[in-house]
Amino acid sequence: MNQEYATQIARDWNVKDSGAGFVTRFRVNAEYVRRYPVQTVGGAIHKELWVPAEELDEFNRNIIGVIEVIAEFHGEHRPPAN
């Protein structure tokens, strides 16, 4: 839901678990996304939409425009892509 939290997840969790983490930005149809309440899962910045896995295809169809990679993080063993 926000870049600060997405950066935390990508940098602090995903790099440890898989060697790389990416922060993306995209828009979703507002009318569609209202069906999912925003969940706070920690501090004030830790907000998420909990979309059930079986609804992911429909969620993806409601993405508007492009998905941008706005930040990437890599572990020591893997340099960033050029």
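It should be emphasised that the depicted structure is a prediction, and the values quoted were computed from it without experimental measurement.
At most 12 heavy atoms of other shown residues, nucleotides or ligands fall within 6.0 angstrom of atom CD in Glu4. By the neighbour-count criterion of 12 heavy atoms within 6.0 Å, atom CD of Glu58 is densely surrounded, having more than that number from other residues, nucleotides or ligands. Within 6.0 Å of CD on Glu54 lie more than 12 heavy atoms contributed by other residues, nucleotides or ligands. With a 6.0 Å radius and a threshold of 12 heavy atoms from other residues, nucleotides or ligands, Arg27 has its CZ atom at or below the threshold.
Contact detail for Gln8 and His46: the closest heavy-atom pair is OE1-NE2, 2.8 Å. Across all non-hydrogen atoms, the minimal contact from Arg35 to Pro37 is O-CD, 3.6 Å. Taking both residues in full, the closest heavy atoms of Arg25 and Gln3 are given as NH1-OE1, 4.5 Å, listed atom of the first, atom of the second, then distance.
No single ILVMFWY cluster, assembled from side-chain heavy atoms under 4.5 Å apart, contains both Val66 and Ile70. Under the 4.5 Å side-chain contact rule for hydrophobic residues, Val28 and Trp50 do not share a cluster. The hydrophobic cluster containing Val23 does not contain Ile9, counting ILVMFWY residues as joined when their side-chain heavy atoms lie under 4.5 angstrom apart, directly or transitively. Following chains of ILVMFWY side-chain contacts shorter than 4.5 Å, one cannot reach Phe22 starting from Tyr5, and the two form parts of different hydrophobic clusters. Both Phe26 and Tyr36 are assigned to one and the same hydrophobic cluster, defined by single-linkage of ILVMFWY side chains at heavy-atom distances under 4.5 Å.
The distance from the CD1 atom of Ile67 to the CG atom of Asn60 is 7.0 Å, given to the nearest 0.5 Å. Atom CD of Glu72 sits about 12.0 Å away from atom OG1 of Thr7, to the nearest 0.5 Å. With rounding to the nearest 0.5 Å, the separation of NZ in Lys16 from CZ in Arg11 is 10.0 Å. Atom CG of Asn2 is separated from atom CD of Glu48 by 10.0 Å, given to the nearest 0.5 angstrom.
Of the possible donor and acceptor atoms, none in the side chain of Asn62 sits under 3.5 Å from a partner among the backbone N and O of Val33.
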Quiz prompt | Phe73/Asp12 under side-chain contact (heavy atoms from CB on, under 4.5 Å): CA gap, chis, key distance, verdict | solution = CA-CA 9 Å; Phe73 303 92; Asp12 301 344; over 6 Å; no
